[in-house]
Structure formats: C-alpha cells, structure tokens
There are 2 protein chains.
Amino acid sequence: MKWSELSDNWCPVARTLSVFGDRWTLLILRDCFLGLSRFEQFAGSSGMTRHILADRLKRLVEAGVLAKQSYSDAPKRYDYVLTEKGQELAPAMMTLRDWGKKHLPVRRATAN
Amino acid sequence: MKWSELSDNWCPVARTLSVFGDRWTLLILRDCFLGLSRFEQFAGSSGMTRHILADRLKRLVEAGVLAKQSYSDAPKRYDYVLTEKGQELAPAMMTLRDWGKKHLPVRRATAN
DNA sequence: GTGCTTAAGTGCTGTTTCGGAACTTAGTGG
DNA sequence: CCACTAAGTTCCGAAACAGCACTTAAGCAC
C-alpha cells in the first residue's frame, strides 16, 4: 500500500498518520509549540534539510494545521503559525513527550 | 541531520519520534492494541510490505516496545506482544485517534 | 511420498524520497 | 558595488520503499 492512500483509511489513527507519520513533520509541530514560526528557525532547530522543510511546511498548510502569514511585504517574508486544528494537537504532543521522558532517557548530550 | 542521530536529542518528543516517527511503526502498534500479534496479521491489516514489516518488528523488539514470543516449536513460529513499555503508549494512541476522528473525516470508503 | 497449504520471513529490482550543499530572488545596509 | 538576510529551489548521490517471487519447515490430502 502506498502511503498516500492512507488518508481515507477507516482507522482514525491511520488518517492522522497520513499527515504526521513521517520523520520530520511532528518535529516542526513541536517547534511551533515552542514558539518558533519562521523557516530559518525551523531549519536551525530541527536540523532537517531545507528541501524537506519546505515540503513539510507546504503539506501542513494544505492540511490546515499551520497557516502561512506574511509578516513583511518588501521583501516578501512569511511565517507559519498553528491554526486551531493545529493547537488541538497539544494533547498528542504531551503524551509523546511524557512517554519519551519516561522510557527513553538521554544517554549522552548532543548539540541541541 | 540524520534520522538516527535523533535518539539522543535533548527533546523527549524527538526521542520518541526516533522510535515511532516513520511511516509504518505506529500502524503496527495500532494493530497490537487491536489484538493482532502475528506477522501475517500485521501484513494483512496494514497493507505494508513484508520486507518493511520485518524490519519494523525487529526495531520495536530492540526498543523494548514489543516482545517476540514463540508460540510453536515445530514449526518455529513467533508472535509479537506489547511490553509494559508498549502498553503505556495507549494514551498517545488515543490522542492521535481522537484528533483524527475530529479533524480528518473519511471522504470515501476504502477496503481497509 | 508428491503435491498443496500456512507462517514467517528473505532476495531482487526498480522507483521514490531524502541528505547535503550550492544556488536564486528580492530587498537592506555600508 | 559588495556583503548579508530570509525563504526558498535545484542538483546529485544515497537510502528507503513497493511489489513480487522465493525459501524453509512442518501438516495434511491423496
């Protein structure tokens, strides 16, 4: 089965994963909850490549989870903020955080 | 940044995603919560390729989320059950399910 | 005892996605 | 004129994935 076919699966977990079930998307959302909103901030925080970041931001906007806003007309600059739909992922974020804190302790320090 | 470097990230969400942040792993876990436990059951339910399924099961066992048990010696047959660590993902599963039910309605039927 | 079936994988091949780095565009400041 | 910033885009090689066939070991049917 192709990943793209999952968005109409009978299972709501599968449908959710059709939006967030990849390696980077939830990390962008985490950064949004931490207050970040700009392309360069996401790129610096998560360490993902700019190519993938641009793609994921586009998908999240299409999914209605983030909204793209202009914060400067000249030059054209945009930032990304959580919609209400996105805000409602907060409980999911917290359960994932709690599970990680309990079951996946840090073994060694990393830069960021 | 490579995906594999995420397991020691400072952020517990990132560490959690180092285990589950791919396209299929959480779907296997969903099936476990639904009571499935065998290779062929997972393969049939999720529609993922057998190759990837075998890899993900191995990783989940290494991560301590699933336990591989023999249920038949001749022929050798195994099933996979949630450990306590895995059971504790239930709240995360439910928040993802609830978000999907609320924000991602089904548009057309699919054959599972 | 040859052939059919089941469970749990492995191997092979071609396609898709990803990682890393450089490049682009439009405007700002010196 | 030259460097710099933000938000991307382009290019290429590497890694992951999809689809299908094949394997192994036992059970059953004839």
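Fair warning: this is a prediction, and the values are worked out from it, not measured in the lab.
With contacts defined as side-chain heavy-atom distances shorter than 4.5 Å, the pair Ile28(B)/Leu53(B) qualifies.
A cation-pi arrangement is absent between Arg56(A) and Trp24(A), since the terminal nitrogen or guanidinium carbon is not both under 6.0 Å from the aromatic centre and inside a 45° cone about the axis. Annotation: cation-pi pair Lys68(A)/Tyr80(A) absent, no NZ/CZ under 6.0 Å from the ring centroid and within 45° of its normal. Remark: Arg38(B) is positioned above the aromatic ring of Tyr71(B), its terminal NZ or CZ atom under 6.0 angstrom from the ring centre and at most 45 degrees off the axis.
For the pair Gln69(A) CD and dA7(D) P, the interatomic distance rounds to 13 Å; values are reported in whole Å. When the C1' atom of dT9(D) is taken as reference, atom CE of Met48(A) falls 15 Å away, rounded to whole Å. Taking atom CG on Asp73(A) and atom P on dA6(D), their separation rounds to 17 Å, with Å as the unit.
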Open item on the list: Return a single string for nucleotides 12-18 of chain C, one symbol per nucleotide in 5' to 3' order, where B is base contact, S is sugar-phosphate-only contact and - is none, cutoff 4.0 angstrom on heavy atoms.
Closed with: B-----S
Open item on the list: Each nucleotide in nucleotides 2-8 of chain C should get exactly one letter: B, S or -. Can you fill that in based on protein heavy atoms under 4.0 Å?
Closed with: ----BBB
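With sequence neighbours excluded, the residues forming a side-chain hydrogen bond (donor to acceptor under 3.5 Å, both in side chains) with Thr95(A) are Thr95(B), listed by chain and number.
Atom NZ of Lys76(A) and atom OG of Ser70(A) lie 5.5 Å apart (nearest 0.5 Å). Separation of atoms OG (Ser37(A)) and CG (Asp31(A)) is listed at 10.5 Å; rounding is to 0.5 Å.
For CD of Glu84(B), the number of neighbouring non-hydrogen atoms (other residues, nucleotides, ligands) closer than 6.0 Å is 12 at most.
Taking the nucleotide of DNA chain D with the nearest heavy atom to each of Gly47(B) and Leu57(A), the more 5' of the two is matched to Leu57(A).
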